[in-house]
Amino acid sequence: MSNVIDEPGEDIVANAKKERAEKRGPFGRIGLFLRQVINELSKVVTPTRRELVTYTIVVLVFVVIMMAIVSGLDLVFLWVVRFVFGDGSAAVGV
């Protein structure tokens, strides 16, 4: 004898959820949404002060690095555009 467990397929589960959602009225759906929001908010873990400072420093350092990269690319493109469309003096560094 085989011990096969008959599990419902994804389509059966999706149809059941759809039917249950159709049976709820507008207030039932709003209540369900609010319960889900409260449930998700209860999972949120607030960082300690030290973690908050560390995360803030990491973000600021990342932003400064990205600003430097974008500024560098902007200068390179400026030199290329001046060389191609300008008088060509940007190629010598003037």
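Because only heavy atoms are used, hydrogens play no part in the values below, and waters and symmetry mates are left out as well, while side chains stay in.
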(request) Kindly indicate, with the supporting measurements, whether the criterion side chain to side chain contact (heavy atoms under 4.5 Å, CB included) is fulfilled by Asn39 and Arg35. (result) CA-CA 6 Å; Asn39 186 28; Arg35 282 193 303 274; over 6 Å; no
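Glu40 meets the side-chain hydrogen bond (donor to acceptor under 3.5 Å, both in side chains) test with Lys43; sequence neighbours excluded.
Gln36 places no side-chain N or O within donor-acceptor distance of the main-chain N or O of Phe33, the cut-off being under 3.5 Å.
The distance from atom CG of Leu32 to atom CZ of Phe27, rounded to the nearest 0.5 Å, is 15.0 Å.
There is a path of hydrophobic side-chain contacts, each under 4.5 Å, that joins Val37 to Val44.
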Can you list, pair by pair, the side-chain donor-acceptor contacts under 3.5 Å of residues 56-76, counting residues two or more places apart and other chains?
unit_1: Thr56; atom_1: OG1; unit_2: Leu52; atom_2: O; d: 2.7
unit_1: Ser71; atom_1: OG; unit_2: Met67; atom_2: O; d: 2.8

